[in-house]
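Structure record follows, encoded as structure tokens.
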Number of protein chains: 4
Amino acid sequence: MPHYVLTLSCPDRPGIVSAVSGRLLRHGGNILESQQYNDLATDRFFMRTVFAADALLPELQASIGELAHDFAMDWSLRDRAQPRRVMLLASRFDHCLADILYRWRIGELPMQITAVVSNHPRDTYRHLAFDGIDFHHLPVDRGRKAEQEAALWSLIEGTQTELVVLARYMQVLSDALAARLAGRCINIHHSFLPGFKGARPYHQAHARGVKLIGATAHFVTADLDEGPIIEQDTQRVGHHDTPEDMIRIGRDIERRVLAQALRYWLDDRILLNGHRTVVFAV
Amino acid sequence: MPHYVLTLSCPDRPGIVSAVSGRLLRHGGNILESQQYNDLATDRFFMRTVFAADALLPELQASIGELAHDFAMDWSLRDRAQPRRVMLLASRFDHCLADILYRWRIGELPMQITAVVSNHPRDTYRHLAFDGIDFHHLPVDRGRKAEQEAALWSLIEGTQTELVVLARYMQVLSDALAARLAGRCINIHHSFLPGFKGARPYHQAHARGVKLIGATAHFVTADLDEGPIIEQDTQRVGHHDTPEDMIRIGRDIERRVLAQALRYWLDDRILLNGHRTVVFAV
Amino acid sequence: MPHYVLTLSCPDRPGIVSAVSGRLLRHGGNILESQQYNDLATDRFFMRTVFAADALLPELQASIGELAHDFAMDWSLRDRAQPRRVMLLASRFDHCLADILYRWRIGELPMQITAVVSNHPRDTYRHLAFDGIDFHHLPVDRGRKAEQEAALWSLIEGTQTELVVLARYMQVLSDALAARLAGRCINIHHSFLPGFKGARPYHQAHARGVKLIGATAHFVTADLDEGPIIEQDTQRVGHHDTPEDMIRIGRDIERRVLAQALRYWLDDRILLNGHRTVVFAV
Amino acid sequence: MPHYVLTLSCPDRPGIVSAVSGRLLRHGGNILESQQYNDLATDRFFMRTVFAADALLPELQASIGELAHDFAMDWSLRDRAQPRRVMLLASRFDHCLADILYRWRIGELPMQITAVVSNHPRDTYRHLAFDGIDFHHLPVDRGRKAEQEAALWSLIEGTQTELVVLARYMQVLSDALAARLAGRCINIHHSFLPGFKGARPYHQAHARGVKLIGATAHFVTADLDEGPIIEQDTQRVGHHDTPEDMIRIGRDIERRVLAQALRYWLDDRILLNGHRTVVFAV
């Protein structure tokens with residue numbers, strides 16, 4: 001039996017769970033997982049439900065659509081077997097790119113990679129097997145950033161990319177592109193935000209003498225390093241660790257934090273709650 | 001509006017969520033939190049729901065009872081404002097006892113402490129303020145363990161104790177008492193089970209040369225150190241750590257693991273699934 | 001045989017270890033532990049050595065003093081059996097104070113507590129056994145902070161206090177007092193610095209939507225929340241955690257981070273390296 | 001200036017540090033790092049020193065050799081610029097192999113890979129770039145294990161391999177081969193030893209209902225899963241994690257634990273202390 005994922009958020013009021021589960025039952029859906037969260041501060045309700053059904057009948061979709069209208073829901077309903085379309089952007093450092101490709105290859109990350117895009121040439125990644133994934137070299141030449149972004153956007157549209165992953169892509173997106181990709185562009189920042197925003201965070205961390213370093217996966221917004229946080233982790237460092245040691249230790253944190261955020265997104269576990277996220281982690 | 005907690009488990013089949021949420025809605029209950037888990041291996045369904053309602057009407061209780069019968073549910077429905085009745089057992093080392101008392105005093109652990117019981121005299125804990133909590137000294141004399149346990153059981157019954165916490169109580173319960181307390185007696189074992197069962201686990205850990213030590217909170221069963229695990233944690237140690245260092249480091253792990261398990265229990269977050277647990281942690 | 005701790009730092013040059021170990025050997029000292037660190041960026045050398053000797057002979061002290069002069073060392077030599085004199089300052093929240101007192105009582109923290117000082121009255125801590133430790137209530141009245149600090153300083157001097165621990169003492173020290181206590185006043189800040197400096201860090205953390213919260217033990221300087229960091233730790237939180245939940249979770253982090261920093265200090269494991277620290281953690 | 005690493009262990013007695021540092025000084029060595037450990041239980045002394053010197057003069061080597069004789073030291077002295085010779089053994093699952101190759105390629109693991117050996121054919125790893133590293137397919141046919149091991153041993157000898165890494169190599173070495181590789185063969189076991197020895201540890205962990213899973217890097221000995229432990233780590237799991245989820249989560253733990261153990265070994269940070277290890281981690 002195919003599995004479907006329904007996610008929704010709406011103003012809280014009695015009867016949401018009953019209405020949703022009632023409709024699913026009526027159309028032959030059997031709930032396998034369900035998670036809910038009421039944000040008491042904003043009075044908003046969030047839900048993610050996985051259910052099995054013979055097929056995603058038009059009647060079921062219409063029925064949920066009707067409900068969504070009544071409850072003023074933001075919602076999405078998706079066939080779990082249908083892989084999401086994801087584009088990977090990288091620059092010179094390829095540890096996150098290599099890690100995502102490896103996890104994808106062995107089946108950890110069920111997705112369709114629409115393209116790998118870099119501002120560095122293909123040869124930068126000569127050790128990585130791309131298995132037929134399209135590679136695009138989009139260099140960012142001085143004064144021609146707008147053209148590069150236009151090419152990138154055209155590629156995103158042309159490939160029907162649903163999610164863009166900045167896998168240590170070291171270019172700042174323009175406000176316009178960030179706005180266009182709102183809620184569907186994940187970046188990995190190499191610090192435990194909000195500490196050490198901006199450039200060279202490990203050098204900043206070393207100068208401040210912190211005892212833990214971290215990494216942060218967040219949605220990209222026009223406000224640099226201020227987007228909604230999806231996932232973070234930290235690791236212990238000491239006085240003996242140079243900025244170079246921190247960069248090495250940080251690579252491990254970055255790749256596991258970004259992979260985790262990507263896994264959550266692919267499984268529809270991340271919902272936006274203003275400039276924060278609801279992550280149904282389990 | 002008062003809050004209520006409904007927990008249940010039953011054989012999985014379509015319609016459970018819809019039936020439960022429908023009944024709650026009909027009787028004026030507004031769901032605040034809900035978590036579910038389907039164990040696909042055993043085809044059993046687990047659910048915990050917190051809802052607000054004007055009062056726990058007899059009609060609502062009857063309605064849920066009816067449902068429970070139809071779906072063959074193990075279930076419980078509880079007023080969250082009604083503190084659980086908990087008895088604390090300790091021996092010579094009082095770090096877990098002191099920690100639980102402190103957390104209880106500042107409001108972290110909403111419970112009614114029915115008594116502190118020890119096989120050591122009151123003076124052992126002369127630095128701890130008991131705030132009027134009854135203390136019972138039940139020494140375990142050679143050959144008179146059955147009598148001590150009879151006194152203990154009578155105390156448990158007499159105080160309507162719902163949960164017994166072995167806060168580093170260094171006496172092994174008899175099979176009979178363990179059976180009587182099935183599912184309502186939590187122990188803290190000072191190792192990362194199943195490693196280092198039995199006595200002197202930190203000395204065992206030192207001898208084996210492990211690089212992390214841990215602690216395990218579990219339900220007590222007749223099978224020593226084999227009961228369903230509720231919570232575990234670990235901490236890094238090194239070659240320089242003696243068994244005494246491990247005992248010191250372990251105290252911190254033990255007290256936070258036991259407090260966490262107790263908090264889960266008090267908030268009805270632990271359900272039994274055979275000899276394993278479902279812990280709705282969030 | 002008594003144990004002694006020698007700590008030193010000086011400009012790096014060949015022969016330091018040889019000179020130090022040679023002098024110790026000549027005077028009958030047997031090295032038990034030794035740790036060194038060369039900061040290649042500043043070319044400064046740091047060392048901590050524990051040695052056993054029949055007694056701390058004047059000849060040994062003179063010999064080390066001579067060496068210290070030749071190598072331009074900052075140094076200290078201490079009998080490990082001589083407990084350090086520590087003053088504890090607290091305010092309304094007493095979880096760090098209670099934790100330190102407990103650890104001290106069971107022998108985890110070998111120190112002489114010279115006094116507990118609070119801007120709140122003794123009754124605030126009525127559940128804590130002070131075991132004869134002096135308590136001083138030094139309220140901070142509007143416009144009379146200078147007087148309060150004068151009384152505090154007089155107490156520090158009068159009791160020959162070596163270290164002042166701000167155990168969630170919620171008063172900002174004046175620049176003058178901070179300067180006087182340079183290198184011997186440890187504060188616990190309830191955030192993972194440099195994130196969320198200043199007031200109400202857990203509310204700041206909640207508003208930003210971070211997925212981990214933390215605490216930081218640091219030396220107090222005139223520059224608020226900018227002093228050299230000694231120890232930090234973090235713990236996972238989620239969208240479901242309110243600021244109040246974070247405060248609860250944070251209490252556990254704060255007390256273990258502060259206790260760890262204090263333990264390091266008592267064992268002469270912390271050396272200053274500009275506005276950073278060298279912590280010989282093991 | 002080249003850097004050298006001296007490691008040694010010997011019965012403890014006064015004067016070791018002084019003698020070693022004195023000889024280094026006399027021959028122009030400047031100590032950059034030094035760590036020591038006295039095992040008070042066995043009265044054995046362990047030391048690791050990194051020093052800079054113009055060259056490793058025969059006089060210096062002879063001088064240390066003389067000292068080693070006097071103090072009955074096990075010792076090694078090595079030019080840090082000389083990469084160690086390491087052979088990688090793998091089976092069907094290549095996450096550890098891929099990870100080590102990646103870290104080696106970007107310069108995290110300074111070593112000479114003498115060969116990749118597998119009981120599976122080269123095509124198993126078709127996505128991995130071997131960059132000219134020799135690959136040997138040594139299948140283990142029924143009843144012909146001795147022959148396979150003979151071929152393996154001949155390869156180890158022929159390539160002057162110093163360390164053999166079992167990167168999820170799913171064959172148990174014979175006692176004879178394990179003995180020959182004593183102290184220079186590292187295995188990654190996919191459990192937190194001593195829990196879940198033997199086969200299918202994640203299935204064992206799932207059946208027991210643990211709340212953390214782990215991995216262990218250890219030296220291989222004839223006693224299966226009982227060799228000296230080098231490094232361990234754990235990660236949180238829950239009731240919702242199937243054995244397959246644990247296998248996925250475990251891959252991350254395995255690869256970082258094995259890489260860490262390998263890094264320690266390459267930097268001469270691991271000394272044997274009976275059936276335990278001294279790891280100078282920092």
Side-chain angles (χ1 to χ4, degrees), chain A residues 35-41 46 191-197 201 204-219 225-244 257 260-261 264 269-282, chain C residues 35-41 46 191-197 201 204-219 225-244 257 260-261 264 269-282:
Chain A
Q35 289 158 300
Q36 296 156 225
Y37 168 64
N38 295 31
D39 186 342
L40 298 177
F46 300 83
S191 88
F192 183 70
L193 289 175
F196 312 129
K197 288 187 270 195
Q204 294 182 53
H206 183 263
R208 182 62 188 90
V210 292
K211 301 301 184 186
L212 295 168
I213 55 171
T216 304
H218 63 93
F219 283 116
D225 299 336
E226 291 287 351
I229 293 172
I230 300 166
E231 173 68 356
Q232 301 186 289
D233 206 355
T234 56
Q235 202 150 319
R236 193 156 284 273
V237 294
H239 57 263
H240 42 81
D241 287 308
T242 61
E244 288 66 37
V257 166
Q260 184 68 286
Y264 287 153
R269 292 179 180 276
I270 312 171
L271 284 80
L272 275 170
N273 182 17
H275 60 288
R276 299 192 297 146
T277 60
V278 170
V279 179
F280 289 121
V282 173
Chain C
Q35 289 157 302
Q36 297 155 225
Y37 168 63
N38 295 30
D39 186 343
L40 297 177
F46 301 83
S191 88
F192 184 69
L193 290 174
F196 311 129
K197 287 188 272 194
Q204 293 183 53
H206 183 264
R208 182 62 187 90
V210 292
K211 301 300 185 186
L212 295 167
I213 55 171
T216 305
H218 64 92
F219 283 117
D225 299 337
E226 291 287 351
I229 293 172
I230 300 166
E231 172 70 356
Q232 301 186 288
D233 207 354
T234 55
Q235 202 151 318
R236 193 155 283 274
V237 293
H239 56 264
H240 42 81
D241 287 307
T242 61
E244 288 65 38
V257 167
Q260 184 69 286
Y264 287 152
R269 293 179 179 277
I270 312 170
L271 285 79
L272 274 170
N273 183 17
H275 60 287
R276 300 191 297 146
T277 60
V278 170
V279 179
F280 289 122
V282 174

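Here is how names work: the chains are called A, B, and so on, in the same order as the sequence lines, proteins then strands, and each is numbered from 1.
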Tell me, out of A:T242, A:T216, A:V278, who's got the most heavy-atom pairs with chain C below 4.5 Å. A:V278
Do you know the tightest heavy-atom contact between C:L212 and A:T234? CD1-CG2, 3.7 Å
When you compare the side chain of C:H239 with that of A:D39, does any pair of heavy atoms fall below 4.5 Å? no
By a 4.5 Å heavy-atom criterion (distance strictly below it), what part of C:E226 contacts chain A: side chain, backbone, both, or neither? both
So what's closer than 4.5 Å to chain C heavy atoms on A:F280: side chain, backbone, both or neither? both
Verify, without hydrogens or angle tests, whether A:R236 (side chain) and C:D233 (backbone) share a donor-acceptor contact under 3.5 angstrom. no
For a 4.5 angstrom cut-off between non-hydrogen side-chain atoms, does A:V279 reach C:K211? yes
Chain A contact via C:H218 - which portion, at a heavy-atom distance below 4.5 Å: neither
Under a 4.5 Å heavy-atom cutoff, which of A:T277, A:N38, A:I229 has the most pairs with chain C? A:I229
Name the member of A:G195, A:G214, A:G227 that forms the most heavy-atom pairs with chain C at distances under 4.5 Å. A:G227
Part of C:I230 lying under 4.5 Å from any heavy atom of chain A: backbone
Heavy atoms of C:D225 and A:R208 approach each other most closely as O-NH2, 3.4 Å
Measure distances from C:A207 to the heavy atoms of chain A and classify the residue's part below 4.5 Å as side chain, backbone, both or neither. backbone
Return the NE2 to CG distance between C:H240 and A:L40, rounded to the nearest 0.5 Å. 13.0 Å
Mark yes or no for whether A:H275, through its side chain, and C:G209, through its backbone, hold a donor-acceptor pair below 3.5 Å. no
